[in-house]
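FYI, side chains are in, hydrogens and waters are out, and symmetry mates aren't considered; it's all heavy atoms of this structure. Here the structure is a predicted model, which is why all the values come from computation and not from measurement. Just follow the structure's listing: the first ligand is 1, and inside any ligand the first atom is 1.
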Amino acid sequence: MSALPSPSELATAPAAAELHVPSSPIASDARERLSGARRALILFVIQGVPLLGFGAGVWLYLREGVSALNLGLLVGMYLLTMTGVEVGLHRYFAHRTFETTRPLRALLLILGSMAGQGSALLWSAVHRTHHAHTDQPGDLHSPVLGRHGAWDKFRGWFWAQFLWYLDVPAIPRFGRLLDRHRDSPASLLSSKEDDQAHRLARTLPDLLRDEPLVRLNQRYGTWVLLGFVLPTLVGGLATLSWEGALSGLVWGGFVRYFLVQQITFAINSVGHTVGVHSVPTRDHSRNNGVMALLTFGAGWHNNHHAFPGSVRTNFRWWQVDLGYLLLSLLARLGLVWDLREPSPEALSARTSSRMT
Ligand SMILES: [Zn+2]
Ligand SMILES: [Zn+2]
């Protein structure tokens with residue numbers, strides 16, 4: 001944390017300088033590309049399995065509806081894991097927009113990991129890269145970069161929603177890279193290796209110097225599993241039946257996982273194509289109220305790209321930012337502090353006359 005700029009600098013500084021990301025694109029080269037079989041396996045694990053689980057939920061619903069317990073498990077697990085993604089992975093680990101206690105930081109890492117979108121460090125590295133090169137060469141999941149014509153734009157949207165990670169070979173390799181440097185993760189920062197995984201690691205000088213955090217991060221598989229075990233246990237214990245355990249797994253595990261995954265991925269696709277571009281930025285980010293509600297604030301994506309270091313994404317009274325509401329409450333309880341916001345002058349300079 002000591003390497004971070006001041007709160008006011010963070011809230012207004014250009015993304016690349018703020019987030020430690022080099023200005024050259026972090027693309028992979030041809031030698032790093034994944035084989036067809038590997039891509040198919042990753043696609044099946046990341047998209048196929050959740051889709052099958054979601055299908056099981058639809059089948060159960062058509063057959064017997066959904067009980068209050070299972071609905072509660074779905075909503076409760078959605079609230080927990082989406083909070084982990086937006087407040088934890090996004091606003092804390094990727095952007096460092098506030099400070100918090102070590103136990104709460106660990107909880108945010110675990111909840112965010114339960115969403116199964118990559119470990120906190122990998123998620124942060126990819127996201128910092130997105131901000132440093134938004135909709136430019138080097139952005140790892142832009143839906144609009146190099147896209148022309150309606151069909152090509154649709155393909156861009158589809159790729160940003162479902163397929164982009166297949167073109168990021170560092171994703172299956174990043175955890176193993178950290179494992180190989182488990183005794184001294186910060187040594188990755190001075191490594192001369194130039195593959196994509198190393199270049200992504202170099203976007204994390206603050207996080208890699210925090211060895212307890214890296215150790216917690218390396219239990220990512222355990223945290224993903226926990227996201228399925230918890231609703232299974234609650235469902236089984238509440239009904240004292242195997243059937244209750246299984247339906248808890250389907251609703252609180254698979255259906256929740258599928259929804260959180262697709263809605264978060266939609267920030268990459270919809271968040272840069274559908275909505276209002278009301279704050280001047282050099283990208284295609286959009287404000288979208290429906291996405292903002294579903295993602296606890298990330299859907300005010302144009303606001304966020306204008307002020308990526310800001311703890312809040314809502315700059316008008318009618319813009320609901322549930323993530324910021326939660327952080328304001330935690331701040332009153334003394335559990336979070338140093339909430340970083342742009343100054344009123346910086347805010348009005350960027351937003352005046354363009355926002356309605
Ligand atoms: Zn974006
Ligand atoms: Zn961001």
Hey, which N, O or S atom on His304 ends up closest to the Zn ion (ligand 2)?
NE2
Which of these passes ring pair (Phe, Tyr, Trp, His ring centres under 6.0 Å) with His95: His130, His305, His127?
His127
In terms of heavy-atom contacts, does CD of Glu243 have more than 12 from other residues, nucleotides or ligands at under 6.0 Å?
no
In His301, the N/O/S atom nearest the Zn ion (ligand 1) carries the name NE2
Hey, is there an N, O or S on His305 sitting under 2.8 Å from the Zn ion (ligand 1)?
yes
By atom name, which N, O or S atom belonging to His272 lies closest to the Zn ion (ligand 1)?
NE2
Do Arg63 and Tyr61 form a cation-pi contact, if we require the NZ or CZ to be under 6.0 Å from the six-membered ring centre and within 45 degrees of the ring's axis?
no
Could Asp321 and Arg91 be called an ion pair, given the rule that one side-chain N must be under 4.0 Å from one carboxylate O?
yes
Heavy atoms from other residues, nucleotides or ligands near CZ of Arg147 exceed 12 (cutoff 6.0 Å)
yes
Quick check for you: with the Zn ion (ligand 2) as the vertex, what angle do NE2 of His127 and NE2 of His90 span, to 10°?
90°
May I ask you to check whether His95 brings an N, O or S atom to under 2.8 Å from the Zn ion (ligand 2)?
yes
